[in-house]
Amino acid sequence: MASISYSPAAFDGTSASDLLRSSSSGVTGIPLKTLGKVRFVVKRRDVIVAAKMRKMKKHEYPWPADPHPNVKGGVLTHLSHFKPLKEKQKPVTLDFEKPLVDFEKKIVDVRKMSNETGLDFSDQIISLENKYQQALKELYLHLTPIQRVNIARHPNRPTFLDHVFNITDKFVELHGDRAGYDDPAIVTGIGTIDGRRYMFIGQQKGRNTKENIQRNFGMPTPHGYRKALRMMYYADHHGFPIVTFIDTPGAYADLKSEELGQGEAIAHNLRTMFGLKVPIVSIVIGEGGSGGALAIGCANKLLMLENAVFYVASPEACAAILWKSAKASPKV
């Protein structure tokens, strides 16, 4: 059995009445001020463990009230990993858009020739521009379903954080599911629009290969859905309307995610969203694949951007089930 002893020297200058005086809470014993000077010794089977209380330096926690933007570490850069890209995104041309690129190239060549020779090619330029606009209109009026899917997945399409930073006055990202992990494929945070606070939850894809690997190509794990669930409870408690942005090919379906309860995490979100008191608006900004999209999509109002898709299973997955080949996705 452990025993606690103290060094008498620690009480020099302290009277017996001070030691036995009752505290403000009514508990008799040693005053807290005196405890700060006491040297405790815990004895157990000839082993002595000593601990001494000391005053610690006072820090501004968790961050300064007025961080300086020009001081390294003065701003909380770690709160959001979404920063402007150092290099401009490379434009990606889809296969069915190549005729439009040819028109653009011809217009650029004619203008270049006009500048170099000094000749007037304005009629030819106007004619090419008219043909370009007509081809653009015809192309996008008669898109096939698989072409719309490709547009929804376009690498240059704005991501969740692109939308949030453009529609909010302030946005603070909130991290973690409080169960051991912060899934970067789902981003959550509080933002203000015209002085009103909203809880924003969205699936985040990368803007380049490096970011896509970090974000797992927008495919959340159970940790991501549990993080979203935590923020839904938080928003419901404080009365913040919830706005969710859907952009995922589906929930991550690896062995580890199944072991961690991917299906249970999605089902828990579905059940919870049906019972929340605050209004929920869900917006499909790219592709919404299967239960991975539905896990943050049970809303009072569901909106979809133009050329966005929402499906039970991706065309490739469905083709693999029905025809044993992902190449049959256009047929799906």
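Heavy-atom basis, side chains included; hydrogens, waters and symmetry copies ignored.
Listed here is the closest heavy atom pair of V284 and G288: CG1-N, 4.1 Å. Between G218 and A185, the shortest heavy-atom distance links the atoms C-CB, 4.2 Å. When every heavy atom of P241 is checked against every heavy atom of V278, the shortest pair comes out as CA-CB, 4.5 Å. Nearest heavy atoms, Y225 versus A251: OH-CB, 3.7 Å. Shown here for D194 and D169, the closest heavy-atom pair between the two residues is N-OD2, 2.9 Å. Here the closest non-hydrogen pair linking A295 and I266 is CB-CG2, 3.9 Å.
The shortest side-chain heavy-atom distance between I246 and S282 falls under the 4.5 Å cut-off. Residues K90 and P155 are not in side-chain contact: their nearest non-hydrogen atoms beyond the backbone lie 4.5 Å or more apart. Using a 4.5 Å heavy-atom threshold, the side chains of P220 and T248 count as touching.
The cluster map of Ile, Leu, Val, Met, Phe, Trp and Tyr, joined by side-chain heavy atoms under 4.5 Å apart, puts Y233 and M199 in different clusters. A single hydrophobic cluster is not seen to contain both I151 and F245; linkage of ILVMFWY side chains at heavy-atom distances under 4.5 Å, directly or through other members, places them apart. In terms of hydrophobic clustering, with Ile, Leu, Val, Met, Phe, Trp and Tyr side chains grouped at heavy-atom distances under 4.5 Å, L302 and Y311 are assigned to different clusters. The hydrophobic cluster containing V309 does not contain L294, counting ILVMFWY residues as joined when their side-chain heavy atoms lie under 4.5 angstrom apart, directly or transitively. When the side chains of ILVMFWY residues are joined at heavy-atom separations under 4.5 Å, either directly or via intervening members, L161 and I193 end up in a single hydrophobic cluster.
Taking CZ of R153 as the reference point, atom CG of N307 lies at 14.0 Å (rounded to 0.5 Å). Annotation: the span from I285 atom CD1 to H163 atom NE2 amounts to 4.5 Å, rounded to 0.5 Å. Rounding to the nearest 0.5 Å places CZ of F217 at 6.5 Å from OG1 of T209. Taking SG from C318 and NZ from K331, the interatomic distance works out to 11.0 Å, rounded to the nearest 0.5 Å. The line from CG of D102 to CD of E97 is 12.0 Å long, rounded to the nearest 0.5 Å. The CD1 atom of I190 lies 5.0 Å from the CG atom of L174; values are rounded to the nearest 0.5 Å.
Each of I107, V108, D109 was compared with R111 under the side-chain contact (heavy atoms from CB on, under 4.5 Å) criterion, and only I107 meets it. Exactly one residue among Q204, K205, R215 makes a side-chain hydrogen bond (donor to acceptor under 3.5 Å, both in side chains) with T159. That residue is Q204.
When only modelled atom types and interatomic distance are considered, S127 and N130 share no side-chain donor-acceptor pair under 3.5 Å.
Other residues, nucleotides and ligands contribute more than 12 heavy atoms inside 6.0 Å of the CD atom of E259. For CZ of R197, the number of neighbouring non-hydrogen atoms (other residues, nucleotides, ligands) closer than 6.0 Å is 12 at most.
Ring orientation note: the planes of F240 and H238 are close to parallel, at an angle under 30° on the 30°/60° scale.
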Verify side chain to side chain contact (heavy atoms under 4.5 Å, CB included) between H268 and E264, making sure each step is shown before the conclusion. CA-CA 6 Å; H268 198 169; E264 184 275 339; 3.7 Å; yes

Please report the C-alpha distance between R157 and E287 in whole Å, then the side-chain angles of each, then the deciding distance to 0.1 Å, and finally whether the salt bridge (Lys or Arg N to Asp or Glu O under 4.0 Å) criterion is met. CA-CA 11 Å; R157 197 176 178 98; E287 62 174 330; over 6 Å; no

Evaluation steps, side chain to side chain contact (heavy atoms under 4.5 Å, CB included), between I242 and M231: CA-CA 9 Å; I242 299 171; M231 300 308 167; over 6 Å; no

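Judged purely by atom type and a 3.5 angstrom limit, T168 has no side-chain atom pairing as donor or acceptor with the backbone of T192. Side chain of Q147 to backbone of L143: no donor-acceptor contact under 3.5 angstrom is found. A distance-only check finds no donor-acceptor pair linking the side chain of D247 to the backbone of Q203 [under 3.5 Å]. A distance-only check finds no donor-acceptor pair linking the side chain of S290 to the backbone of G292 [under 3.5 Å]. Formation of a donor-acceptor pair under 3.5 Å by the S114 side chain with backbone atoms of D120 is not found in this model. Formation of a donor-acceptor pair under 3.5 Å by the N156 side chain with backbone atoms of V92 is found in this model. Judged purely by atom type and a 3.5 angstrom limit, K227 uses its side chain to pair as donor or acceptor with the backbone of I186. In this structure, S329 contributes its side chain and A326 its backbone to a donor-acceptor pair below 3.5 Å. Under a 3.5 Å cut-off, the side chain of D183 and the backbone N or O of T221 do form a donor-acceptor pair. Remark: side-chain polar atoms of T244 are paired, donor with acceptor, to backbone N or O of I296 under 3.5 angstrom.
H223 pairs by the ring-ring contact (aromatic ring centres under 6.0 Å, His included) definition with Y181, not counting sequence neighbours.
Ion pair D177/R230 not flagged as a salt bridge, since none of the NZ, NE, NH1 or NH2 atoms sits closer than 4.0 Å to an Asp/Glu carboxylate oxygen. One finds no salt bridge joining K131 and E138 here, because no Lys/Arg side-chain nitrogen approaches an Asp/Glu carboxylate oxygen to under 4.0 Å.
Within the structure, the ring pair (Phe, Tyr, Trp, His ring centres under 6.0 Å) test picks out no pair touching residues 93-145 (sequence neighbours left out).
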